[in-house]
Amino acid sequence: MTTLRLTLPDGTVREVPAGTLPREVVASIGPRLLRDAVAVDVGGAVQDLVTPLRAGGSFRVLTAADPRSLDVLRHSGAHILATAVRRLRPDARIGFGPPIEDGFYYDFGVAEPFTTEDLAAFEQEMRRVVAERYPFVRSEVTRDEALRLFADDPLKLERIADLGADEVISTYTDGPFTDLCRGPHVPDTSYLKHFKLLHTAGAYWRGDERRQMLQRIYATAWWKAEDLDAYLHRLEEAKRRDHRALGAQLDLFSTDPRVGPGLILWHPRGAVIRSEIENFERDLILRRGYELVYTPHIYNEKLFEISGHLENFRENMFSSMDVEGTAYRPKPMNCPGHIAIYQSRGRSYRDLPLRFAEFGTLYRYERSGVLHGLLRVRGFTQDDAHIFCTPEQVSEEIGRLLDLVDEVLGVFGYEYSIELSTRPAKAFGSPETWNAAERMLADVLVARGREYTIDAGGGAFYGPKLDFKLVDAIGRKWQGPTVQLDYVLPERFELTYTGADNVPHRPIMLHRVLLGSMERFIGGLIEHYAGAFPLWLAPEQVRVLPLTDEVASAARSVADRLREAGVRVHLDARSETLNYRVRDGALMKVPYLAVVGPREARDGTVAVTLRGAGEKQRPIPIPVDAFTRALRREIETRALTLRAGAPTTGVADAAAD
RNA sequence: GCCGACGUAGCUCAAUUGGCAGAGCAGCUGAUUUGUAAUCAGCAGGUUGCGAGUUCGAUUCUCGCCGUCGGCUCCA
């Protein structure tokens, strides 16, 4: 019998025979530890306490304090859910039940979909299973035994058929329920204390839409009651920030079935935000060596044949339209147009790098079921650019892009992480080229000390890419900038430039977006800011409120002066009470409310209330000139927080001017 | 596209077993002149998403279509 060496965190080494259960090892360390143990980490892999040890290495006990133990708990939660469902609906056939971020789900094959009432009943039953405290019992079985055991569960039989010949087939049993499962699991069902079933949804068996649709139940589970509460609170917070609701409340955008689903109508207030962002970015990239171009909304379909889009992207393209016998397509990407500009004349190495930028409006067909507010649409405007450069220039260009990304994202207050996506299954170009390109991207990141993770197989069909994932104000991740390296399109379009050696060379293309789609980015931004935009983006920056009709003309002249200074200002002289108008301004999330009463009219001041100042904050009297200057500065610096009315900055700074 | 839920005034929601479609807010008119989160009164507002069907009678039941929401899949 083989002996395994286990190295404990304190450096001591245990020698145990292969096949020993981790539970025995943990027990030998201490009974108290055994009580707290959820699973173990052996050589970096998480396994449960009842799976025989087959290899040695580092050995660490995982308690509820280790984040990895949550997945174990949730996985067991899925089994407990299945246990409950099987008790109440014995006809339900079982699919998969994995842990996911923040929870778990389980897929069932049932004749009748589950209802909300079913869900409540299942949760009740789960609590019973938990109270019954069934241990999770692991058995290793032969293939034949497994086939017999799950004879009534065709989904499981299919899974068994897919298992490799040398794989250990194991089952886990908790009380009345046995599932084909690799583990790991918590010791018994009583570990699942803080959970909640969330909702049901249809899900295709193994994610394949040609296969049967199963009924999926989503749930969340945590070690501590306060974690569960915090999670549920986070869901509410996300709901409060929902850009679709805020978009309607703040009158930013809408869709209209008469126009078409997934096609966004930007209202004046939303258009302000968008145009401010576009202006900001346009100014920035012009100073970074980009040149603006414009290309049509439809291209001759031939271009997409050459580019490979028809081959690789067809299912996302709108169908073609016939124009005097020639097929045209709404463009799903700008690249062919930018390439055509590149090819409009001969290019020399002296011209490179060329950086063509376009806020290009694209149309992509998305199936009706996936459309979602601003985040998933059929028509959107991309802040696109294509950089044409020599192979020697690529690293430098990537480096410049990293700087640009920093600069842009910082303005919006986003943190981000970087992902390097490598060659996908469906890819053009040789593996050697791909490897070199991937290595080059990694080298630039390393050289700049950037941390990144690898998304294997996540690249575009024409080249590897860097994805920047934004982290918003409540910790959610969003798709951010992407940079894609492309050796393929220059080849397919036969792009060339004349080198110093006076012979043609092939340039390399970089595709990059900073914000992605304006629609999606602003959708995310609405949620990031919860609708309370920083001053430079706020659709309405200041609302001037005359206290009475007597001071209406004084208020009007304040508003005029602000408007003259380039501030987006509204005058609210409705014959409503001040309370009413203050509330209205607050609900519209106007950054500054400037009240003009007899005192202010006499002194040439305004009484300023900052958005979100709360009840304790008293309005601050500020001279109109000083207020105007403070606003200007805040707008120009694109400050993330409101300062122009704050007593220590607004007034003092303004006085110092 | 598929599974499920939903669709009533601009918004948020009501409407007993199928029996004349209602409220608050927003809007309009008038009064009120207000000092930091809703002043009062009146008026107007609807082909109950669209189209069929069942019925003496449909917001309510059935079918089809459109749209929205939660997912599946995919991505900007």
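This structure is a prediction, so every number in the text was calculated from the model and none was measured. Just so we're on the same page: letters track the sequence lines, and every chain starts at 1.
Residue A/Gly202 is in base contact, counting any heavy-atom pair closer than 4.0 Å across all strands shown. As judged by a 4.0 angstrom heavy-atom cut-off over every strand, A/Tyr580 is placed among residues touching the sugar-phosphate backbone only. Base engagement by A/Ala607 is indicated by at least one non-hydrogen atom pair under 4.0 Å involving a base atom. Residue-level contact check: A/Arg244 touches the backbone only, with heavy atoms under 4.0 Å from sugar-phosphate atoms and none from bases. Residue contacts shown for A/Glu576 include a base, since a base heavy atom lies under 4.0 Å away. Among the atoms of the strands shown, base atoms are found under 4.0 Å from some heavy atom of A/Leu587. Within the 4.0 angstrom heavy-atom criterion, no nucleotide atom of any strand lies near A/Gln249. As judged by a 4.0 angstrom heavy-atom cut-off over every strand, A/Arg216 is placed among residues touching the sugar-phosphate backbone only. No engagement by A/Val513 is indicated, since no non-hydrogen atom pair under 4.0 Å with the nucleic acid exists. Nucleic acid contact class of A/Pro261 (heavy atoms, under 4.0 Å, all strands): sugar-phosphate only.
Note on A/Asp455 versus A/Lys465: no salt bridge recorded, every NZ/NE/NH1/NH2 to OD/OE distance being 4.0 Å or above. A/Asp584 and A/Arg543 are joined by a salt bridge, as a carboxylate oxygen and a charged side-chain nitrogen come within less than 4.0 angstrom of each other. Under a 4.0 Å N-O distance rule, the pair A/Arg282/A/Asp383 does not qualify as a salt bridge.
For the pair A/Arg367 CZ and B/G71 P, the computed distance is 16 Å after rounding to whole Å. Rounded to whole Å, atom P of B/C74 lies 10 Å from atom CD of A/Glu209. Here B/C75 presents its C1' atom at 11 Å from CD of A/Gln382, a figure rounded to the nearest Å. Atom P of nucleotide B/G35 and atom CD of A/Glu600 are separated by 12 Å, given to the nearest angstrom. B/C72 atom P lies 17 Å from atom CZ of A/Arg206, rounded to whole Å. Protein atom CG of A/Asp455 is 14 Å distant from nucleotide atom C1' of B/C74, rounded to whole Å.
Annotation: B/C6 and B/U59 have their C1' atoms spaced 14 Å apart (nearest Å). Separating the C1' atom of B/G18 from that of B/U55 is a span of 9 Å, rounded to the nearest Å. B/G49 sits 15 Å from B/C13 when the P atoms are compared, rounded to a whole Å. B/A58 and B/G51 have their P atoms separated by 14 Å, given to the nearest Å. B/G46 sits 10 Å from B/A9 when the P atoms are compared, rounded to a whole Å. The separation of B/A44 from B/A26, taken at their C1' atoms, amounts to 13 Å, rounded to a whole angstrom. On the P atoms, B/C56 is 34 Å away from B/G10, given to the nearest whole Å. Using C1' as the reference atom, B/C66 and B/G22 are 27 Å apart when rounded to the nearest Å.
The aromatic rings of A/Phe313 and A/His309 sit perpendicular, their planes meeting at an angle over 60°, well past the 30° parallel limit.
The number of heavy atoms from other shown groups lying within 6.0 Å of CZ (A/Arg556) does not exceed 12. Counted within 6.0 Å of CD on A/Glu112, heavy atoms from surrounding residues, nucleotides or ligands total 12 or fewer; the atom is thus considered open.
Put simply, the side chain of A/Ser575 and the base of B/U33 share no donor and acceptor less than 3.5 Å apart.
Nearest-nucleotide mapping onto RNA chain B: of A/Leu375 and A/Asp242, the residue sitting toward the 5' end is A/Asp242. With the nearest nucleotide of RNA chain B identified for both A/Arg376 and A/Val582, A/Val582 has the one nearer the 5' end.
With rounding to the nearest 0.5 angstrom, the CD1 atom of A/Ile398 is 6.0 Å from the CG atom of A/Leu401.
Pair assignment for B/G1: B/C72, on the basis of Watson-Crick or G-U wobble contacts that are both within less than 3.5 Å. Searching all strands for a Watson-Crick or G-U wobble partner of B/U62 with both distances below 3.5 Å returns B/A52. With a 3.5 Å ceiling on both atom-pair distances, B/U47 lacks any Watson-Crick or G-U wobble partner.
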